[in-house]
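Contents: one structure, followed by commentary.
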Amino acid sequence: MLFTPEVLWNGLVWPLVRLVMFISIGLLVGNILEGLRWTRAMGKVATPLIRMGRLKDISGASFALAFFSGVAANSMLSEAYDKGELSDKELVISNLFNSLPTYFLHMPTVFFIAAPFIGNVAFMYVGLTLLAAFLRTAMIILWGHIALPSDGCCGSISAKLESQEPRSISAVLTVALKRLRKRLPRVIFITIPIYTAFFFLRSYGVLADFQTFLSTHLSFLSWLKPEVFGVAAFSMAAEFTAGLAAAGSLLGAGTLSPRDLVLALMIGNILSTPMRALRHQLPYYAGIFKGKMALKLIICNQVLRASSLIFVIVIYYFMTR
């Protein structure tokens, strides 16, 4: 591949600038909100859920913030973890707890991309993925209720915040910028090399070869219609939009029923999990969390996500036979 200035700018430099910029903004917003003592107020949005899951107020605040910015929400958790306000287990559960608002953040985009290709079937597809997101949240709350102590939740941070006097805006901004300058070098020195490596791996076809290898070893899906198998493989080996285009074509020709189309897209969604983790989550998480913890959070997120989708697909398959 010829790496012209235009290719490097559009494929590497500008995406990196945007990625670092949004992570930096997330860090800054998280620090400002914490400095203004808004974590308790924001945490009230999810109070019933965090009480059931035995999570802390900072987890509820991060949950509320995740409806607007996943970067800011994770940055808030990372700051709390670095200061010892969250244990390893609490960080993992809190991060997974944010999967529902993170899904809502992207759901409109998914729907409005899918609708032109597959029409009304988009409602069923998005509805099933939404059901899987609710299921994940229920599983996370149950896990927290079982695994976390009841005496450490919903108050340890609240009491501390209530005892502190409010700060001025200028003081909060000064502290927030100081923390940003401290953490930004880590974001740059970790995120940029990882993103750059995957850019060149993709450019030289390494990722495409890996995707092709995965898509050609789907014999365990032989119980499905061949067309379903094809759409699932295409959705995984290419981008989501490409899978939708193939599915829409088959649906329009009457080759696939709406049920088969939903199954194909859901299966493709699951099979794309490894590549989604490598291409999208790894550079982003590595810039916010420390190495081992970033990898742990990515694995937990993707395993839980795939498991919930599999469960929903199985139920849908047998209910629509």
Side-chain angles (χ1 to χ4, degrees), residues 39 42-70 72-74 76-77 80-81 86-111 122-158 262-263 265-267 269-273 276-277 281 285 293 296-320:
T39 53
M42 295 177 66
K44 287 182 179 180
V45 175
T47 295
L49 296 180
I50 64 174
R51 288 191 180 279
M52 286 188 288
R54 296 182 174 179
L55 296 168
K56 293 182 177 177
D57 285 354
I58 194 72
S59 303
S62 176
F63 179 87
L65 189 57
F67 281 99
F68 306 97
S69 171
N74 279 323
M76 182 178 287
L77 292 179
Y81 177 71
L86 292 176
S87 66
D88 285 18
K89 187 178 294 184
E90 287 172 329
L91 175 62
V92 172
I93 295 176
S94 298
N95 175 261
L96 295 175
F97 186 52
N98 288 346
S99 64
L100 181 62
T102 300
Y103 175 86
F104 273 108
L105 192 62
H106 299 290
M107 184 176 67
T109 301
V110 172
F111 176 79
F123 287 100
M124 179 58 68
Y125 172 72
V126 173
L128 289 176
T129 57
L130 177 60
L131 178 60
F134 280 118
L135 178 62
R136 288 195 294 274
T137 301
M139 293 169 63
I140 294 161
I141 292 173
L142 179 61
W143 180 21
H145 187 80
I146 295 172
L148 297 179
S150 59
D151 57 350
C153 71
C154 310
S156 59
I157 292 179
S158 299
V262 170
L263 287 172
L265 292 174
M266 293 288 285
I267 292 171
N269 196 333
I270 293 171
L271 295 176
S272 64
T273 293
R276 179 182 291 105
Q281 276 199 305
Y285 268 64
M293 181 55 71
K296 183 177 182 179
L297 291 174
I298 291 172
I299 293 173
C300 290
N301 268 280
Q302 295 302 328
V303 168
L304 181 63
R305 178 181 171 280
S307 301
S308 64
L309 288 173
I310 290 172
F311 181 82
V312 169
I313 288 175
V314 170
I315 298 299
Y316 176 75
Y317 176 80
F318 285 105
M319 287 185 64
T320 56

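All values derive from a computational prediction rather than experimental measurement.
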Atom pair [atom1]/[atom2] of [X] and [Y] - distance to nearest 0.5 Å:
X    : Y    : atom1 : atom2 : value
K89  : W143 : NZ    : CH2   : 7.5 Å
L131 : I315 : CG    : CD1   : 9.0 Å
S87  : Y81  : OG    : OH    : 8.5 Å
S59  : E90  : OG    : CD    : 7.0 Å
I313 : L128 : CD1   : CG    : 8.0 Å
K296 : L91  : NZ    : CG    : 8.5 Å

>> Restricting to ring-ring contact (aromatic ring centres under 6.0 Å, His included), what partner residues turn up for F111, sequence neighbours left out?
In response: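 Once residues adjacent in sequence are excluded, the partners of F111 under the ring-ring contact (aromatic ring centres under 6.0 Å, His included) criterion are F123.
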
Identify, with sequence neighbours excluded, every residue that meets side chain to side chain donor-acceptor pair (under 3.5 Å) alongside [X].
X    : answer
S308 : R136
S307 : none
N98  : S62
Y103 : T129

>> Side chains of Y285 and N95 only: does a donor on one sit below 3.5 Å from an acceptor on the other?
In response: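 Yes.
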
>> Checking M139 against L96 for the side chain to side chain contact (heavy atoms under 4.5 Å, CB included) test, could you report, in this order, the C-alpha distance in whole Å, the side-chain angles of both residues, the deciding distance, and whether it holds?
In response: CA-CA 10 Å; M139 293 169 63; L96 295 175; over 6 Å; no

>> Could you work out, with side chain to side chain contact (heavy atoms under 4.5 Å, CB included) as the rule, every residue matching L142, not counting sequence neighbours?
In response: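 With neighbours one apart ignored, the set is I146.
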
> Hey, are the side chains of T102 and F67 touching, using non-hydrogen atoms and a 4.5 Å cut-off?
Replying inline: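 No. Closest side-chain heavy atoms not under 4.5 Å.
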
> Are any side-chain N or O atoms of R54 and backbone N or O atoms of G144, one a donor and one an acceptor, separated by less than 3.5 Å?
Replying inline: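 Between the backbone of G144 and the side chain of R54 there is no qualifying donor-acceptor contact (under 3.5 Å).
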
> Got a donor-acceptor contact below 3.5 angstrom from the H145 side chain to the M52 backbone?
Replying inline: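 Pair found, side chain donor or acceptor close to backbone of M52.
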
> Between F63 and F97, what is the ring plane arrangement, given parallel below 30°, perpendicular above 60°, and tilted in between?
Replying inline: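 The arrangement is parallel - the two ring planes meet at less than 30°.
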
